[in-house]
Each structure stands twice: as C-alpha cells, then as structure tokens.
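Since we're looking at a predicted model, the values are computed, not measured. In what follows, every chain begins at residue 1, and chains take the letters A, B, ... in the order their sequences are listed. Hydrogens, waters and symmetry mates play no part in the numbers below; they use all other heavy atoms, side chains included.
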Protein chains: 2
Amino acid sequence: MSDIEAPLFAPIPRDDLPQRIARQLADAVTAGRLRPGERLSESAAAREMGVSRAPVREAARLLESAGLLVSRPNRGFFVRSVSATDLDAVYELRICIEAEAAARLARTGAASALPRLAAQIERMRALADAGAHVEQVDADLAFHRALCAACGNARLLGVFDQIVWEMRLGLVLIGRLYDDAHLIAETHLPVLAALRAGDPAAAAAAIRFHIGAAREAVVDRFRALEGTTA
Amino acid sequence: MSDIEAPLFAPIPRDDLPQRIARQLADAVTAGRLRPGERLSESAAAREMGVSRAPVREAARLLESAGLLVSRPNRGFFVRSVSATDLDAVYELRICIEAEAAARLARTGAASALPRLAAQIERMRALADAGAHVEQVDADLAFHRALCAACGNARLLGVFDQIVWEMRLGLVLIGRLYDDAHLIAETHLPVLAALRAGDPAAAAAAIRFHIGAAREAVVDRFRALEGTTA
DNA sequence: CGCCTGTCGGCTGTCGACACTTTGACGCTT
DNA sequence: AAGCGTCAAAGTGTCGACAGCCGACAGGCG
C-alpha cells in the first residue's frame with residue numbers, strides 16, 4: 001500500500017497508561033455511562049482507576065484532540081454535546097473531505113483498497129440483519145475511514161479522525177439510524193462502483209450524494225429528537 | 001450584533017499560564033530559535049521560564065493540537081518538520097476546505113466579510129512593497145482564515161487552524177515566497193470579485209485556481225530546497 | 001417571599017520529587 | 001578497527017500535596 005521500506009517487526013505495545021485510560025473513558029461514553037454534556041471528574045476517574053491524575057489528564061487531552069471531550073478552564077473536561085447544527089456542519093465537512101478522497105482514490109487506482117471497502121459494506125449488511133445498530137454505525141464509519149485512509153493524503157484521514165467521534169455521538173444518540181437499516185448498506189454501493197470504474201468525477205458525485213442523503217436524514221431526525229427533549 | 005442583554009463588563013483575562021507559555025514557544029519557533037525537527041526539552045523550558053513542567057506540558061499539548069509540535073513517547077516534543085509531500089497534502093486539503101468555504105460564503109452573502117478580506121489584501125500589498133515577507137505570509141494566511149471564519153461552518157475554520165502552522169513553517173522556510181511578492185496579493189482579487197458577485201461556483205473555482213497555483217509554486221520551490229539541504 | 005451575600009466542599013491548576021527510559025560515551029572483546 | 005556491553009547523565013512519566021477557583025447551600029436583608 002504505502003511504499004515504506006520494511007514492515008519486519010511490529011512495535012512493542014508499550015504500557016502507555018494514558019492511551020489505556022483514554023480507551024476506558026471512551027468506552028464509558030459509548031456505553032452510556034458518560035453522556036454528552038456531562039462532566040468528567042479527573043480526580044474521581046483517577047481514584048476509581050487507581051492511578052494519578054496526571055495520566056488521566058493526558059488521556060483527556062488525547063480525547064479532546066479526538067473531538068470526544070471539550071475542556072473549559074478551571075472546570076475540567078466535558079463530554080462533547082452535539083447539536084443538530086454541529087452535526088450539519090460536520091456532514092458538510094465530511095462531504096468535501098470524502099469527495100476529494102474518493103476522487104483521488106479513483107484517480108490513483110483503488111484496486112488494493114476495494115476489498116476492504118467491500119468487506120465493510122458486507123459487514124454493514126450482516127449487522128443490519130442482526131439488528132445491531134451500534135455496531136452497524138461502526139462499520140459505516142469504518143467504510144468511510146478506510147476511504148480516507150486509502151486516498152493517500154494523510155491529512156484527510158486526520159480530519160476524518162477528528163470528527164468521527166462527533167459522528168458516533170450523534171448517530172448513537174439517534175438510536176435506530178434509518179427507518180430501513182438495510183438501505184444504508186446498499187447506498188454505499190454506487191461509491192464502490194465508481195471507484196472500481198476508476199472514474200474520479202463519478203466517485204466524488206456518488207459520495208456527495210450518499211453523504212448528502214445521510215446528512216438530510218440524520219439531521220432531520222436529530223432536530224426532531226432535540227425538539228422532544230429540549 | 002448579538003442580542004445578549006448587557007455587555008457592561010469585559011471578562012477578565014485570566015492568567016492562563018499554558019497559553020502564555022504556548023505563545024512563547026511558538027514565538028521561539030517563528031524567530032528561528034527552535035527549528036523544525038528540533039527537540040523541545042520541557043524541563044529546560046520550564047527551568048528557563050521559571051515555572052513547573054506541568055503548564056509547559058499543557059502548552060506543548062496545545063501546540064500539538066495546533067499542529068506545531070509532535071510528541072514521541074518517552075522522548076518528548078519535537079517541532080514539526082515539514083516535507084514537500086506534507087506541504088502538498090496540506091495544500092490539497094486547503095483546496096477542498098476553502099473551495100467549500102468560498103462557495104458557502106458566496107451563497108449566503110459575503111457582504112459583512114468583504115471589508116475584512118479586502119483589508120488583508122491591501123495589507124499584503126503594503127507588506128510586499130516593504131519587502132516584509134514573513135509578515136506578508138501572515139497577512140496571506142489571515143485572508144484565508146477570514147474566509148474560513150466567515151463561511152459559517154465552524155469545523156472548516158477548525159481544520160484550517162490545524163494546518164495553518166504547517167503552512168507557516170513551510171512558507172517561512174522557503175524564505176522569499178514567490179519571485180514576485182506583489183503578484184501574490186493580486187491573485188487574491190478574483191476570489192474577492194466572485195464573492196462580491198455572489199457566485200458560488202465562480203468563488204470555488206477562483207479559490208481552487210488561486211491555491212492550486214500557490215501549491216505548485218511553493219511545493220516546487222520546497223522540493224528544490226530539500227534537494228540542496230538533504 | 002425573593003434576591004443577594006458569606007461560607008463550605010470539591011475540584012482543577014501548579015508544584016516539587018522519584019522511578020524508569022533513553023541516549024551518548026567509554027572501555028572491552030573479537 | 002568494528003561491534004557489543006556497561007555506565008552515567010538527562011529527560012520524561014507518574015505521583016502525592018497544596019493553593020486558588022468554581023458551584024452549591026444556607027442565612028440575612030429588603
């Protein structure tokens with residue numbers, strides 16, 4: 001894939017306390033134990049995990065860079081609370097990022113990336129059958145992440161990784177993603193077809209259409225959700 | 001502007017030690033005392049500034065989020081070293097970000113933002129006359145940042161802020177930006193004209209052309225620079 | 001009864017200290 | 001002479017502790 005010299009050995013997984021803590025924190029959010037807008041007490045978290053506050057702080061900074069947390073001076077970290085307006089902005093950003101990624105990928109030849117992309121669609125189908133909507137969200141995002149990863153521009157992937165948490169938060173908050181969970185898997189197919197054909201313009205148009213449709217559906221549903229709770 | 005009740009008092013500028021430290025560190029980089037690829041010893045910095053390592057660490061994390069520093073486990077922080085490939089990727093990202101921003105701005109009406117944009121172009125002209133190329137780079141980036149800020153999508157601005165340091169590093173490394181410093185100011189004008197006309201497609205095309213031209217010139221020059229030093 | 005003020009608990013921001021890792025240099029072996 | 005093992009210095013990762021700040025609650029005044 002990339003032309004790095006020799007992947008002879010994998011790096012040893014160092015202890016990396018902050019990263020393990022960050023994973024726990026993120027899991028707490030996905031599991032619903034920490035809800036959007038809620039405060040994350042670093043002292044309490046440190047106490048419960050049996051570590052000092054320093055690595056917890058480091059982990060929180062990591063998750064802040066990832067977009068899951070936001071920090072307020074002298075008040076600590078809060079789980080990012082997503083609004084419909086935020087989600088709409090994120091979708092717009094995704095559209096222009098991923099359209100570029102798709103065009104690039106189609107231009108440079110997507111052969112090596114196609115299997116992975118197709119696999120994620122297949123996974124989405126299976127998870128839709130199983131009715132596992134949270135995992136389906138993961139598969140959906142994994143497809144789009146793979147697209148950004150394969151396009152050859154590392155910065156595009158970096159941007160995607162920075163908004164992926166916000167997407168996740170929004171999508172799991174909605175609950176069931178679409179009225180028809182199976183439809184979402186199928187709407188990825190035109191993108192794949194355009195990539196396979198090596199047509200940059202078609203690939204960009206396909207992803208624009210795909211994300212645009214999702215944007216409309218998700219933001220509408222989210223607005224309705226906000227109307228009931230707020 | 002906003003319909004908040006009473007702006008009687010301005011908020012007191014809290015000490016915010018990390019931010020002041022971050023500014024010093026950033027200044028050290030722009031002044032050339034810390035060069036790309038060089039290591040930033042947080043203990044030494046803390047000693048020299050007369051503070052503990054904790055706020056220095058915090059400041060470094062801030063600058064890492066801003067893209068100025070990168071951290072390596074157990075080895076601390078390093079000033080980001082930009083390559084021609086990196087710069088090319090950043091330019092590509094900028095093109096799709098700013099094209100979207102320009103189109104949005106043209107669509108929603110750019111009247112309120114036009115004076116600020118025009119002012120930056122004027123500043124570029126003046127600084128080109130004065131031969132102050134570092135400040136001209138700042139004015140150039142300020143123009144593009146204002147574009148992203150005015151478009152109404154906060155995430156676009158966030159992405160721009162994350163790559164602006166890499167741009168700065170690359171541009172100041174080149175030294176003289178173009179063969180003709182005056183030309184760069186003028187090439188911004190078509191963007192402004194399209195915005196004033198309220199033509200989204202033209203605005204996007206103008207910014208694509210403008211950044212694309214800069215991309216080619218800068219990356220070529222940077223490649224030549226790399227060939228001589230590496 | 002409602003608003004403001006004083007107090008209190010908890011928390012973050014910052015600090016100095018210690019252990020482990022990294023790194024560069026020196027000396028030894030082949 | 002080149003390479004490996006050892007060692008010391010420097011620096012980061014982590015820890016516990018203290019000061020200042022924030023939010024909440026109770027009490028006083030209009």
- request: Scan B:Glu42 against the nucleic acid and name what it touches under 4.0 Å (heavy atoms): base, sugar-phosphate only, or nothing.
  value: sugar-phosphate
message: OP1 or OP2 of D:dA10 versus the side-chain N and O atoms of B:Ser41: is any pair under 4.0 Å?
response: no
statement: Here the residues of residues 59-81 of chain A within 4.0 Å heavy-atom distance, strictly under, of DNA chain D are A:Asn74, A:Arg75
message: Output the rounded distance in Å from CD (A:Glu58) to P (D:dT14).
response: 8 Å
task: Calculate the interatomic distance between A:Arg47 atom CZ and D:dT14 atom P; express it in whole Å.
output: 20 Å
message: So A:Met167 and A:Leu171, do their side chains get closer than 4.5 Å, heavy atoms only?
response: yes
query: Given atom CZ of B:Arg20 and atom P of C:dG13, what is their separation to the nearest angstrom?
result: 15 Å
- prompt: The side chain of B:Pro55 lies closest to which of these nucleotides: D:dC15, D:dT12, C:dC15?
  reply: C:dC15
- prompt: Of all the choices, C:dT14, D:dG11, D:dT14, which nucleotide is nearest to the side chain of B:Leu17 once you look at every atom?
  reply: C:dT14
task: Look at the side chain of B:Arg53 and the base of D:dG13, then say whether one donor and one acceptor between them are separated by less than 3.5 Å.
output: yes
- request: Using only side-chain N and O atoms of B:Ser43, determine if any of them is under 4.0 Å from OP1 or OP2 of D:dA10.
  value: no
Derivation of the side-chain hydrogen bond (donor to acceptor under 3.5 Å, both in side chains) call for A:Asp86 and A:Ser83: CA-CA 5 Å; A:Asp86 288 331; A:Ser83 69; 3.1 Å; yes
message: So does A:Val70 get a backbone contact from the side chain of A:Arg80, meaning a donor-acceptor N/O pair under 3.5 Å?
response: no
- prompt: So what does B:Ile21 hit on the nucleic acid, given a heavy-atom distance under 4.0 Å: a base, only sugar-phosphate, or nothing?
  reply: nothing
Extract all donor-acceptor atom pairs below 3.5 Å that involve side chains of residues 26-38 of chain B and protein atoms in other chains or at least two apart in sequence.
from	atom 1	to	atom 2	distance (Å)
B:Thr30	OG1	B:Ala26	O	2.9
B:Thr30	OG1	B:Asp27	O	3.0
B:Glu38	OE1	B:Arg35	N	2.9

message: I'd like to know if the side chain of A:Arg39 reaches the main chain of A:Arg75, judged simply by a donor and an acceptor atom lying under 3.5 Å from each other, with no hydrogens or angles considered.
response: yes
- prompt: Looking at C:dT12, C:dC15, D:dG11, which one has an atom nearest to any side-chain atom of A:Arg57?
  reply: C:dT12
task: Please say whether the positively charged group of B:Arg72, taken as NZ for Lys or CZ for Arg, lies over the ring of B:Phe78, i.e. under 6.0 angstrom from the six-membered ring centre and within 45 degrees of the axis.
output: yes
Any side-chain heavy-atom pair of B:Leu147 and B:Ile207 under 4.5 Å: yes
message: Check this one for me: any side-chain N or O of B:Arg39 less than 4.0 Å away from OP1 or OP2 of D:dA10?
response: no
Nucleotide nearest A:Pro18 (side chain, heavy atoms from C-beta), chosen from D:dT12, D:dT14, C:dC11: D:dT14
